[in-house]
Amino acid sequence: MSELRETRLEKARTLAALGQGPYALRFEPSHSTAELQAAHADLPKGEERDLSVAIAGRVMTRRVMGKLAFFTLADQSGPIQLYLEKATLDAASPDSPPPGAFAHLTSLVDAGDLIGVEGSLRRTDRGELSVKVKSWSMLSKSLQPLPDKWHGLADVEKRYRQRYLDLIVSPHTRETFRRRALAVSAMRRWLDERDFLEIETPVLQSQPGGADARPFETHHNTLDLPLTLRIATELHLKRLVVGGFERVYELGRIFRNEGVSTRHNPEFTSVEVYQAYADYTDMMELTEQLIAHVCQQVCGTTAISYQGTAIDLTPPWRRATMHALVQDATGLDFTTFSTREQAAAAMESQGLVAPALADSVGRLLVEAFEQRVEESLIQPTFVLDYPVENSPLARAHRSKPGMVERFELFIVGRETANAFSELIDPVDQRQRLEAQQERKAAGDLEAQGVDEDFLQALEVGMPPTGGLGIGIDRLVMLLTDSPSIRDVIAFPLLRPEQRAETRPEQGGEG
RNA sequence: GGGUCGCUAGCUCAGCGGUAGAGCACUCGGCUUUUAACCGAUUGGUCCUGAGUUCGAAUCUCAGGCGACCCA
């Protein structure tokens, strides 16, 4: 409450009068708490090491008992105990005005404050390595109380809205974002070492493309130009391959104007990788090597556990065609259907739904896959060979009519990566995009349009190329055992909270 | 878009028609080996918002807001 805040403001004023900020310019720690814990693990109970260390961090808990006090101070690396003795502190700071350095420390420092301390090391009789403090300084006064020290922040909404509090009190949350950073940097390093160049492509585009999704719309004022945020990086990265970059990638933010769920956030991160003179079988190898490497770097193993299920990411991974998987699960062999009606009737006989929007045998095959197979693919599985109708940017299969050379990677029942032997024939590509355009005109909001500039690039000649996209957020969910995508996005999209002061004035009736 | 559940003190929660509660945090007092410190005292509320039912609503009803989960 504001009374609590007022109390802390008063303490801040008192600190200022004592020459203690309360918002310091800088402090130079000599160690992190984890370094101290590691370096002095051998210090026996009740003994001291008379060296001088300086550490900075946030006061997490306070235990004051008369002329002795224990604080827990946490920096990024973790906690350490402060051993605060009145006699030691007062003797080391004789110039401190009454009632003395110890009293100032215990009465003006609250849980949540950032302080710096200098002192020696001591392991207490109870075995806790502690900094025996000789002097201290206020680095930043907190005006807000910390969440419950025992229960932490249990309210998920508060954890997302006030992620800073979640990070302060939840080591698990900190570890999740540390792992995310490790995963992203391991991925970049792996690609860089193999001569892939990361090249940034536009987020603002006049024509969205490269995926089936609804874009966010915006506007450029000076050019008076309607623009959309990118829904994929595909079409620009391919232009770069046309331009002669044989190995390119981009790891960055993608925006899709769709719903929010445990697996979807309107802005998310993908990496797309393109390798000239390669096909989708090369991309399968690249995918399993890359993801296994990242997993090894982040988790120290490729045999992990996700929500209680053991997942083995050690290559090689299972490969199966969509046809075979659907046949195993439903008994239906989609290669034998020549008309949509035939396929739909067969599906319905097996209790599957054949929606009207799925207007071809191929689209029904995908429907059957989604209804009966997808969620059962727990261990990493490459699902091969998709119908051409659903894959306007993938090249026709070398031996299977009506299919394209495409795979999606499924892990724990979720699509985690998507790759093609890229379509490089500009005439075929134009027909495919025009078919998309027709669907769009017929009301399919997610269908793609015809990107003339991209088609012109293809006409200049694009080498045979393998392309791959990986959903970083879903991969990080797997590597951090997180059940929701919001657990791996520091600031997930939420509706703005309606605050009292921003509420509209109560006026006339509705 | 549909369904279920939730929203009460700074935090974690109880209360489920009859004076708004507990633990922690805060404030004050005590305490030199604590680590959810302890002991004692105090303080703290738009019970998410609005309307309705009722002698009386945190509690029941309706509408709305925000969120979680499931489904599409």
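Keep in mind the model is a prediction, meaning the values are calculated, not measured. Protein chains get the first letters and strands the later ones, always in sequence-line order, with residue 1 at the start of each.
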If pairing means Watson-Crick or G-U wobble with both distances under 3.5 Å, then the partner of G67(B) is C5(B)
Picking from C31(B), U33(B), C26(B), the nucleotide nearest the side-chain atoms of R62(A) would be C26(B)
Between G50(B) and C13(B), how far apart are the C1' atoms? Round to whole Å, please.
-> 27 Å
From the list V476(A), V298(A), L479(A), side-chain contact (heavy atoms from CB on, under 4.5 Å) with L182(A) holds only for V298(A)
| task | Check every strand shown and say whether R8(A) touches a base, only sugar-phosphate, or nothing at a heavy-atom separation below 4.0 Å. | result | nothing
Margin query: What contact category does G152(A) fall into here, base, sugar-phosphate, or nothing, at under 4.0 angstrom with non-hydrogen atoms?
Written below: sugar-phosphate
The nucleotide from U33(B), C26(B), C11(B) with an atom nearest the side chain of L4(A) is C26(B)
Separation of C71(B) atom P from E374(A) atom CD, nearest Å, is 12 Å
Q. Below 4.0 angstrom, N of the basic side chain to O of the carboxylate: do D125(A) and K45(A) qualify?
A. no
Residue pair T330(A) / Q350(A), side-chain donor-acceptor N/O under 3.5 Å
no
*asked:* Any base atoms under 4.0 Å from T7(A), or only sugar-phosphate, or nothing? Heavy atoms, all strands.
replied: sugar-phosphate
Worksheet item: When you compare C55(B) with G21(B), how far apart are their C1' atoms, in angstrom units rounded to a whole number?
Response: 25 Å
Taking a pair to mean Watson-Crick or G-U wobble geometry with both distances below 3.5 Å, G45(B) pairs with none
Hey, are T33(A) and D75(A) close enough side-chain-wise for a donor-acceptor pair under 3.5 Å? yes
If pairing means Watson-Crick or G-U wobble with both distances under 3.5 Å, then the partner of A36(B) is none
Next on the checklist: Classify K11(A) by what it touches in the nucleic acid, base, sugar-phosphate, or nothing, heavy-atom distance under 4.0 Å.
Outcome noted: sugar-phosphate
Which of C31(B), U12(B), U32(B) is nearest the side chain of H151(A)? It is U12(B)
Rounded to whole Å, the CG-P distance (D155(A) to C69(B)) equals 12 Å
Report task. For Y83(A), answer base if it contacts any base atom (sugar-phosphate contacts may also be present), sugar-phosphate if it contacts only those atoms, and nothing otherwise; contact means non-hydrogen atoms under 4.0 Å. Result -> base
Quick note, W150(A) side chain, CB onward, closest among A36(B), G10(B), U32(B) is A36(B)
note: L357(A), atom CG; A72(B), atom P; distance rounded to Å ~ 15 Å
Winner on side-chain proximity to Q81(A), out of U43(B), U35(B), A37(B), is U35(B)
Q) Does one side chain, of T61(A) or R63(A), offer a donor that lies under 3.5 Å from an acceptor on the other? A) yes
(request) Rounded to whole angstrom, note down the C1' distance from U53(B) over to G17(B). (result) 11 Å
Exercise. Which part of the nucleic acid, if any, lies within contact of V169(A), taking any heavy atom under 4.0 Å across all strands shown: a base, the sugar-phosphate backbone alone, or nothing?
Worked result: nothing
Problem - P atoms of U49(B) and U8(B), separation to the nearest Å - result: 10 Å
Do L365(A) and H323(A) have side-chain heavy atoms sitting under 4.5 Å apart?
yes
Hydrogens and angles aside, do T480(A) and E175(A) bring a side-chain donor and acceptor to less than 3.5 Å of each other?
no
Between CD of E258(A) and C1' of G1(B) the distance, given in whole Å, is 15 Å
Rounded to whole Å, the CZ-P distance (R159(A) to G67(B)) equals 15 Å
When rounded to whole Å, the CG to P distance for the pair N257(A) and G1(B) reads 13 Å
Original post:
Does T262(A) make a side-chain N or O approach to OP1 or OP2 of C69(B) shorter than 4.0 Å?
Top reply: no
### Query
Base, sugar-phosphate, or nothing: which does L494(A) touch, judged by heavy atoms less than 4.0 Å apart?
sugar-phosphate
Taking the P atom of each, how far is G67(B) from U54(B), in whole Å?
35 Å
Among the nucleotides A37(B), C13(B), G23(B), whichever has the atom closest to the side chain of M65(A) is A37(B)
* **side-chain N/O K158(A) vs C7(B) OP1/OP2, d < 4.0 Å** => no
G10(B) base to D148(A) side chain: any donor-acceptor pair below 3.5 Å?
no
Closest to the 5' end of RNA chain B, once G66(A) and D110(A) are matched to their nearest nucleotides, is D110(A)
Worksheet item: For R486(A) and A68(B), is the shortest distance between a side-chain N/O and OP1 or OP2 below 4.0 Å?
Response: yes
Closest to the 5' end of RNA chain B, once Q162(A) and V156(A) are matched to their nearest nucleotides, is Q162(A)
Euclidean distance for P, G52(B) against A41(B) (whole angstrom):
44 Å
Of the candidates C31(B), U43(B), C11(B), the side chain of L153(A) sits closest to C11(B)
Pairing partner of U61(B), by Watson-Crick or G-U wobble and under 3.5 Å for both distances, is A51(B)
Here the distance between atom P of U32(B) and atom NZ of K132(A), to the nearest Å, is 16 Å
- Message: Measuring only the P atom in each nucleotide, how far is U35(B) from U42(B)? A whole number of Å is fine.
- Response: 25 Å
Do the non-hydrogen side-chain atoms of K141(A) and L9(A) ever get within less than 4.5 Å of each other? no
Closest of U33(B), G23(B), G44(B) to the E3(A) side chain is G44(B)
| query | How far, in whole Å, is G40(B) from C5(B) if one measures between their C1' atoms? | reply | 41 Å
Per atom distances to the E157(A) side chain, the nearest of G67(B), U33(B), U12(B) is G67(B)
Please check if atom CZ in R318(A) has more than 12 non-hydrogen atoms from other residues, nucleotides or ligands closer than 6.0 Å. no
Rounded to whole Å, the CD-P distance (E370(A) to C71(B)) equals 14 Å
**side-chain N/O K149(A) vs A25(B) OP1/OP2, d < 4.0 Å** = yes
Item checked: side-chain N/O R495(A) vs C66(B) OP1/OP2, d < 4.0 Å -> yes
